[in-house]
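Okay, structure first, notes after.
Note that these values count all heavy atoms, side chains included, but never hydrogens, waters or copies made by symmetry. Along the sequence shown, residues are numbered consecutively beginning with 1.
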Amino acid sequence: MNAPIIIGAGVAGLAAALAAAPRPVRLLTAGTLDAGAASLWAQGGIAAAIGADDSIDLHIADTLAAGDGLCDAAAVSRIITGGPLVIEALRAHGVRFDAGLGLEAAHARRRISHVKDATGHAVTTALAAAVRAAPHVTIIEHARAVALDVAENRVRGLWAETAGGLVHLPAAAVLIATGGVGALWRHTSTPPGADGTGLALAARAGAVLRDLEFVQFHPTGLDSGATPMPLISEAVRGEGAILTDETGHRFTDELAPRDEVARAIVRHLAEGHRVRLDATHLGAGFAARFPTIDAACRAAGIDPARQPIPVRPVAHYHMGGIAVDARGRASVDGLYAAGEAACTGLHGANRLASNSLLEAFVTGTDAGTALAGEPDAAATTAPAAPPRRVPPPALVRDLVSRHLGVLRDAAGLSHLIERLAPLAPAHDAALIGLMIGVAALDRAESRGAHARTDAPSRAAQPRHSDLTQAAALARAAALAQRPHAA
């Protein structure tokens, strides 16, 4: 069977597989359906306008405001309108949401449906069970996609690394739902597999990537030295926790948009302060409402019912990704993307809290429906195997962490691009780090989650940044030839 292939077993990939029914599809994951996907780690919940005092229009307005001028209005309307239906669909799959709705930053209403502080795990587990029971889905676990087979701008299949070695899988259509890029940073909330591999697959196949410079740093990672860092969910601040320093001074608005809070914390840390999230007002109720976070804090020797929690910003979510249309189609024929790996137009320059699982389910469903209309691949002789990519050196993470953080400048970005350019042909992480760096250097303004200390103003006209691998490498080569390049 040469049916379409879905890469990734998070919410987007699982939703796509279910939506394709009864069309046979293959679901490929580097891990298993029970482990590896970033969706499993999502704490806060799913934003949907289901409260009596809420409306779709209010949710749309909050999303557009957070996106800082770069949201696609049609995409926002389409995805946000689907929110109440998503909650109904997930309940039908057996997800038991808690009573009451949570509040998170930049939301005008309580609209976060949650399962305590482990919503992603509950949703992903329920969808994985449905996929395992679906006769039209062939599950291929422990198989890592390493290259797309593309000829004349048309997908013909992919190469995957399996326990038995490198194999070629013919397919006329491939959906990338591999998540984000957080693992490129030293301080991250994402699993190790969230290293941009899916974006590299698309980039090396010639696809257009969009708005790569917009990386969201969650303001409150548990600053305990662990990697990945456990998150202290925004829902904790929604329940009244405050940010203070070692003197007890409250220095920012905890429920401002995430980019503003992250910048405030980074600047306070740079001034020599320590930053803590104080939720002691919840007392014993903290463990009941946030059992996962409570366990993480206690493992680090902190009792959040009695002690403020040390926090710092942590790489968390990528607003940019593979440029797609409303059906999830990329610029390469037969290539689709959904969820965090895609740039759908929902998030713009800064994601509104808890819109990610909503986006993953809606765009995964839409892409899966479109994928069902694609043909099986014709049997062909496998082409020559692609060049092997090797694990990235520690230098990649060091450079990305230092120069693509919450605050950026042209000198640091130029240095990053110069150092990563020689590594990009052999290292997927280096390629994506370089492409993010090029997009960040060429956006000489501060907007949403992209903050340039040397360009603090926002441009009058918002614009997207579309980039291909070829264009990024050409930009890097031109930069290297400049006499004043760092």
Side-chain angles (χ1 to χ4, degrees), residues 1-40 85-86 89-95 120-146 148-149 155-164 167-179 193 197-198 201 324 327-329 334-342 357 359-379:
M1 179 184 71
N2 295 333
I5 297 174
I6 297 165
I7 311 172
V11 168
L14 296 170
L18 293 172
R23 176 76 164 82
V25 293
R26 290 169 285 176
L27 180 66
L28 189 84
T29 175
T32 70
L33 260 63
D34 304 311
S39 296
L40 287 161
L85 298 177
V86 169
L90 292 174
R91 290 187 191 278
H93 280 297
V95 178
H121 187 274
V123 170
T124 308
T125 300
L127 294 179
V131 166
R132 285 194 187 281
H136 71 286
V137 183
T138 299
I139 300 166
I140 308 173
E141 297 179 322
H142 302 296
R144 184 179 181 86
V146 296
L148 292 173
D149 173 15
V155 168
R156 300 190 307 180
L158 61 79
W159 290 92
E161 187 71 55
T162 69
V167 298
H168 180 265
L169 302 174
V174 172
L175 167 63
I176 295 175
T178 52
T197 301
L201 287 173
V324 296
R327 300 180 66 193
R329 295 177 297 192
L335 182 62
Y336 294 76
E340 191 175 354
L357 290 178
E359 177 196 44
F361 191 92
V362 173
T363 63
T365 298
D366 290 345
T369 301
L371 204 66
E374 293 280 358
D376 282 345

Next item on the list: For Pro170 and Ala377, work out which heavy atoms get closest and say how close.
Entry: C-CB, 3.8 Å
Note to self: Rounded at 0.5 Å granularity, tell me how far CD1 in Ile6 sits from CD1 in Ile176.
What the structure shows: 12.5 Å
Notebook entry, point to check: Salt bridge or not for Glu141 and Arg132, using N-O below 4.0 Å?
Noted result: yes
Check: So do Phe361 and Leu127 actually touch side chain to side chain, heavy atoms under 4.5 Å?
Finding: yes
Item checked: Straight-line distance of Leu14 CG to Leu27 CG, nearest 0.5 Å -> 6.0 Å
Note to self: Is any side-chain heavy atom of His142 closer than 4.5 Å to one of Thr162?
What the structure shows: no
Margin query: Ignoring hydrogens, what is the shortest heavy-atom contact between Leu175 and Ala338? Give both atom names and the distance.
Written below: CD1-N, 3.7 Å
Check: What distance separates Ile5 CD1 from Thr138 OG1, expressed to the nearest 0.5 Å?
Finding: 10.5 Å
Notebook entry, point to check: What pair of heavy atoms forms the shortest contact from Arg26 to Ala171, and how long is it?
Noted result: NH2-CB, 3.7 Å
Margin query: Looking at every heavy atom in both Val146 and Glu161, which two are closest together, and how far apart are they?
Written below: CG1-CB, 4.1 Å
Checklist line | Exam field: side chain His93 to backbone Ala128, donor-acceptor pair closer than 3.5 Å | finding: no
Check: If you measure from CG on Leu158 to CG on Leu148, what distance do you get to the nearest 0.5 Å?
Finding: 6.0 Å
Notebook entry, point to check: Minimum heavy-atom separation for Pro22 to His136, with atom names?
Noted result: O-CB, 3.6 Å
Next item on the list: Drop me the distance from Asp366's CG to Leu371's CG, to the nearest 0.5 angstrom.
Entry: 12.5 Å
Item checked: Exercise: identify the closest heavy-atom pair between Ala19 and Thr365 -> CB-O, 3.4 Å
Margin query: Using modelled atom types and a 3.5 Å cut-off, is there a donor and acceptor pairing between side-chain atoms of Thr363 and backbone atoms of Gly339?
Written below: yes
Check: Mind checking whether Leu201 and Ile7 have side chains closer than 4.5 Å, heavy atoms only?
Finding: yes
Check: Between atom CG of Leu357 and atom OG1 of Thr124, what is the distance when rounded to the nearest 0.5 Å?
Finding: 7.0 Å
Next item on the list: I would like to know whether Val362 and Val86 meet side chain to side chain contact (heavy atoms under 4.5 Å, CB included); could you show each step before the answer?
Entry: CA-CA 7 Å; Val362 173; Val86 169; 3.6 Å; yes
Checklist line | Side chain proximity check, Asp376 to Arg23, heavy atoms < 4.5 angstrom | finding: yes
